[in-house]
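This is the structure I want to talk about, given as structure tokens.
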Amino acid sequence: MQYAVELYYDKETENKLLALARKIADEKISTKFLEWKTRPHLTLACFNDVDETQCIQQLKNFALSHKMMPAYIGSVGMFNDTKTIFVSPMMNSDMYQFQRELHECLKGHDTNGWEWYLPNRWIPHCTIALTREDDDDAFFKASDLLLHNFQKMCGKFTEIGLVKITFPVEEIFAVALS
């Protein structure tokens, strides 16, 4: 089973991000992201397998020593190869350090094949639309809609969580940052 550790937003920011994804679905452009039934998030790490009990305890300990952080979402981007459309937070050294420390905390788990989520290779992003399985023009329509509707957001990163990468995503555990 494959797993991910995700960084979650405060509820108000989460709702604003979900509203963008719903607008794309309501316009009948793409529903794939919503079908995954995942919360808006930044993926911090992915693993091929974990001992869930051990990982949950590691995340609890990690959360106790890490504070909530500001989340300034200021840009729209896309991965052309996967036809993923996303928004991105303005990153700073604290955010990158947070991700490095998380990987150090969870270093015993298998990250092979997940190089894009390792420190120094990470592209922090919050997916809004997944259009690979849609009509060819869905990627461009969803991008255009997001570009016309996106407004900068200021919120907070408030929790980290462990999920199983299944369809739909299964949230196993989430814990508030201190």
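By convention here, the first residue in the shown sequence is residue 1.
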Flag side-chain contact, heavy atom, 4.5 Å: Phe140 against Thr131: no

Near-ring test Phe98/Phe62, centroid separation under 6.0 angstrom: yes

Side chain to side chain donor-acceptor pair (under 3.5 Å) evaluation trace for His41 with Thr43: CA-CA 6 Å; His41 64 274; Thr43 300; 3.3 Å; yes

Is the closest side-chain heavy-atom distance between Trp122 and Met91 below 4.5 Å?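 Yes, their side chains come closer than 4.5 Å.
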
Closest heavy-atom pair and its distance - Ala176, Ala63: O-CB, 3.5 Å

Going by the angle between their ring planes, with limits at 30° and 60°, are Phe86 and Phe79 parallel, tilted or perpendicular?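 Rings of Phe86 and Phe79: tilted, 30 to 60°.
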
Drop me the distance from Tyr117's OH to Ile123's CD1, to the nearest 0.5 angstrom.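 The CD1 atom of Ile123 is 9.0 Å from OH of Tyr117, to the nearest 0.5 Å.
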
Before you tell me yes or no, could you show the steps for Ile160 and His66 under side-chain contact (heavy atoms from CB on, under 4.5 Å), namely the whole-Å CA-CA distance, both residues' side-chain angles and the distance that decides it to 0.1 Å? CA-CA 10 Å; Ile160 54 174; His66 290 81; over 6 Å; no

Nearest 0.5 Å, please: how far is SG in Cys46 from CG in Asp110?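 Rounded to the nearest 0.5 Å, the CG-SG separation comes out at 11.5 Å.
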
Indicate yes or no: does Asp137 engage Lys141 in a salt bridge with an N to O separation below 4.0 Å.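 So Asp137 pairs with Lys141 through a salt bridge.
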
About how many Å separate CG of Leu42 and CD of Gln99, when rounded to the nearest 0.5 Å? 10.0 Å

Contact between Ile73 and Leu17 at the side-chain level, heavy atoms closer than 4.5 Å - yes or no?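 The answer is yes; the side chains approach within 4.5 Å.
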
Considering all heavy atoms of both residues, which atom of Ile172 and which atom of Lys164 are nearest to each other, and what is their separation? CD1-CG, 3.4 Å

Is it true that Leu44 and Leu162 fall in one hydrophobic cluster, defined by side-chain heavy atoms closer than 4.5 Å? yes

Donor-acceptor under 3.5 Å (Asp135 side chain, Ala138 main chain): no

State, yes or no, whether a side-chain contact exists between Ile56 and Lys60 at a heavy-atom distance under 4.5 Å.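 Yes, their side chains come closer than 4.5 Å.
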
Electrostatic pair Lys16:Glu12 at N-O distance under 4.0 angstrom: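 Looking at Glu12 together with Lys16, the answer is yes, because their closest N to O distance falls below 4.0 Å.
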
What are the two closest non-hydrogen atoms of His109 and Asp51, and how far apart are they?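 Taking every non-hydrogen atom into account, CE1-N, 4.1 Å.
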
Give the minimum heavy-atom separation between Gly161 and Leu59, together with the two atoms involved.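 Distance-wise, the nearest heavy atoms are C-CD1, 4.3 Å.
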
Could you check if a side-chain atom of Pro124 sits within less than 4.5 angstrom of a side-chain atom of Tyr96, using non-hydrogen atoms only? yes

Run the side-chain contact (heavy atoms from CB on, under 4.5 Å) check on Val5 and Leu102 step by step: do they pass? CA-CA 9 Å; Val5 175; Leu102 176 76; 3.7 Å; yes

Hydrophobic cluster membership, with links at side-chain heavy-atom distances under 4.5 Å among I/L/V/M/F/W/Y: are Val87 and Tyr72 in one? no

At their closest point, which heavy atom of Ser30 faces which heavy atom of Leu130, and how far apart are they?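 Where Ser30 meets Leu130 most closely, the heavy atoms are OG-O, 3.1 Å.
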
Same hydrophobic cluster for Met1 and Ile165, using side-chain heavy-atom links shorter than 4.5 Å among ILVMFWY?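 Hydrophobic grouping puts Met1 with Ile165.
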
Give, for atom CG of Leu20 and atom CG of Leu145, the distance between the pair rounded to the nearest 0.5 Å.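 The CG atom of Leu145 is 8.5 Å from CG of Leu20, to the nearest 0.5 Å.
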
With a 4.0 Å cut-off, would you call Glu171 and Arg39 a salt bridge? yes

Between Phe157 and Tyr9 (judged by ring centroids, cut-off 6.0 Å), do the two rings come close enough to count as a pair? yes

Using the rule that Ile, Leu, Val, Met, Phe, Trp and Tyr join whenever any side-chain heavy atoms are under 4.5 Å apart, tell me whether Ile128 and Phe33 fall into a single cluster.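 No; tracing contacts between hydrophobic side chains, which count when under 4.5 Å, never links both residues.
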
To the nearest 0.5 Å, what is the distance between CG on Asp134 and CZ on Phe139? 11.5 Å

Are more than 12 heavy atoms from other residues, nucleotides or ligands located less than 6.0 Å from atom CG of Asp136?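 12 or below, so no.
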
List the atom of Tyr8, the atom of Pro40, and the distance in Å for their closest heavy-atom pair. CD2-O, 3.7 Å

Do the side chains of Lys156 and Thr13 get nearer than 4.5 Å, heavy atoms only?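 The answer is no; the side chains never approach within 4.5 Å.
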
For the pair Thr31 and Glu35, evaluate side chain to side chain donor-acceptor pair (under 3.5 Å) and give the outcome as yes or no after the intermediate values. CA-CA 6 Å; Thr31 60; Glu35 290 171 18; 2.5 Å; yes

To the closest 0.5 Å, what do you measure between NZ (Lys37) and CZ (Phe167)? 8.0 Å

Apply the test side-chain contact (heavy atoms from CB on, under 4.5 Å) to residues Asn120 and Arg100: give CA-CA distance (whole Å), side-chain angles for both, the deciding distance (0.1 Å), then the verdict. CA-CA 9 Å; Asn120 298 322; Arg100 276 189 217 98; 4.2 Å; yes

Is there a path from Leu7 to Phe173 through hydrophobic residues (I, L, V, M, F, W, Y) whose side chains come within less than 4.5 Å of each other?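 In one cluster: yes.
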
